[in-house]
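First up is the structure itself, then whatever we jot down about it.
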Amino acid sequence: MTLLQRPLFDVGRHHITVLGLIAFVGFFAAGLIIARFLQSQIVRRFFSRFKIDTNFIAIVTTILSLAVIVFFTVTAVNAAGIPLAWSAPLPAINLSLVQIFLLVAVLVAVFWFSSGTKRFLFNRLLAQSGLDRSLQYAIAQVVSNIVLVVGIFFVLENAGIHLAALAVFAGAVGVGVGFGLQNIASNFISGLVILAERPITIGDRVEVAGITGQVEHIRARSTVIRTNDNIMMIVPNSKFIDSPVTNWTYGDRRVRFRIPVGVAYGSDVAKVRESLLAVAQGNPHTLKEPEPNVFLEQFGENSIDFKLVVWSSEMSARPSRYRSELNFAIAEKFREVGIEFPFPQRDVHIRDGVLQVENVTRKDNTTGSEA
């Protein structure tokens, strides 16, 4: 024990012993193990029982892990023989370690309260208000953002961090940082415009920046779109403001589909029209009002071109599947009624002389039979 308590070296005016080093390593290792445990699936499943969002759970577990590492690091330094007072203000900061931990805990509570406010408004308070569901989501999101900003300002002011004192720093650094945060600010403001004007809402089928899918979430900086391949695409909100956006379900979910069909010359056009209408009316996803219609587009080089026009309110999210169903049904219907699809044709006119035509296939068959 005397050997373990013998000083090895000095840090400042404090003696560091072998026993102190062992204590430092033990506490620091314990902190790393506990921090790693807080990132495990067991802890995540525990928090999920309280119906907390997945992103918020990740933030909470990360903050708790960092707090545990700081706590055990300070404890390890004290155990090594270098006293660090928990209640003493840190150098150049008017806050002690205890106050910093409390500040972090209160900020986490503010984030949790903001998320809970959004969930309460959207799922309970506004659910029976009769407002449009997308408008309910927009109101809940805006109120949640307001609660978050006001809460952060309130906590910082009560912690002694006066925002007015940061004005000089913000003015000096703001110019340089502003260029770096320009896109973030643009996307955030665009998100507020989207929630206010509602050019897109949750559940809409949209096309923007080469991405087609259904809107799943509208967040402060970006919007999440689920494609038909079940892939989540994260699109910056500014794309919905400064780029053309196709909204298939904006105002009215009914969408018109055009199916081009060509038939061979000599086909009965009245029978073609009746067959196309029968196919359209036989599909369960086709609306009866507006009713399907058939147009004779033109007399092409190799075919008579028709266009089947149908309306649907369900298949806007699956347009390729709907067109495929109609095309399969058209092919089967034409085969039943004897309508032929066209193939490339050319008329050859001989002005002078005689052109001898020989049936090569018949000649080959006769030669084969003799053999």
Side-chain angles (χ1 to χ4, degrees), residues 52-63 107-108 110-119 121-123 126 131-153 170-171 173-253 255 316-320:
I52 302 177
D53 295 337
T54 304
N55 293 332
F56 185 73
I57 292 176
I59 294 174
V60 170
T61 53
T62 302
I63 292 177
L107 288 177
V108 171
V110 169
F111 277 94
W112 175 82
F113 184 74
S114 173
S115 177
T117 301
K118 174 184 174 181
R119 189 167 55 251
L121 291 175
F122 184 65
N123 295 330
L126 299 176
L131 298 174
D132 183 71
R133 196 61 175 163
S134 59
L135 180 59
Q136 297 176 17
Y137 181 86
I139 294 175
Q141 183 68 43
V142 171
V143 173
S144 175
N145 291 338
I146 294 175
V147 169
L148 179 62
V149 173
V150 173
I152 291 176
F153 273 77
V173 183
V175 176
V177 176
F179 289 102
L181 299 179
Q182 182 177 3
N183 290 334
I184 297 177
S186 175
N187 291 323
F188 179 76
I189 296 175
S190 299
L192 297 179
V193 173
I194 291 174
L195 293 174
E197 294 186 353
R198 294 189 299 145
I200 61 171
T201 56
I202 303 299
D204 283 354
R205 173 82 177 184
V206 298
E207 295 181 14
V208 58
I211 300 173
T212 303
Q214 182 175 344
V215 178
E216 293 290 326
H217 302 285
I218 302 176
R219 297 173 178 170
R221 190 195 65 84
S222 60
T223 296
V224 181
I225 297 178
R226 183 194 298 270
T227 67
N228 285 356
D229 297 328
N230 199 30
I231 299 175
M232 296 296 186
M233 305 295 292
I234 301 175
V235 181
N237 287 331
S238 59
K239 293 293 183 180
F240 295 93
I241 302 301
D242 56 19
S243 301
V245 180
T246 301
N247 192 335
W248 285 53
T249 53
Y250 185 78
D252 192 346
R253 302 192 69 87
V255 178
S316 59
R318 294 170 291 177
S320 298

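To the nearest 0.5 Å, atoms CZ (F122) and OG1 (T117) are separated by 15.0 Å. Here the CG atom belonging to L126 is positioned 5.5 Å from the CD1 atom belonging to I139, to the nearest 0.5 angstrom. Note that OG of S114 is 6.5 Å distant from CG of N145, once rounded to the nearest 0.5 Å. Between the CD1 atom of I194 and the CD atom of Q141 there is a distance of 11.5 Å, given to the nearest 0.5 Å.
In terms of heavy-atom proximity, F240 sits nearest to T223 at CE1-CB, 3.7 Å. Smallest separation of non-hydrogen atoms from P319 and S316: CD-O, 3.4 Å. In terms of heavy-atom proximity, S186 sits nearest to S238 at OG-CB, 3.9 Å. Nearest approach of R205 to A317, heavy atoms of both residues: NH1-O, 3.0 Å. R198 and Y250 get closest at one heavy-atom pair: O-CE1, 3.6 Å. When all heavy atoms are compared, the tightest approach of F113 to V147 is CD2-CG1, 3.5 Å.
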Donor-acceptor pairs under 3.5 angstrom involving side-chain atoms of residues 211-220: please list them, not counting sequence neighbours.
unit_1: E216; atom_1: OE2; unit_2: R226; atom_2: NE; d: 3.2

List the steps and the verdict of side-chain contact (heavy atoms from CB on, under 4.5 Å) for R221 and I234.
CA-CA 10 Å; R221 190 195 65 84; I234 301 175; 4.3 Å; yes

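Residue pairs satisfying the salt bridge (charged side-chain N to carboxylate O under 4.0 Å, His left out) criterion with at least one member in residues 236-249, sequence neighbours excluded, are absent.
Remark: the backbone N or O of A140 is not paired with any side-chain donor or acceptor of S144 at under 3.5 angstrom.
You'll find the side chain of L148 reaches within 4.5 Å of the side chain of F111, heavy atoms only.
Partner of I200 under the side chain to side chain contact (heavy atoms under 4.5 Å, CB included) criterion, chosen from V208, N237, N247: N247.
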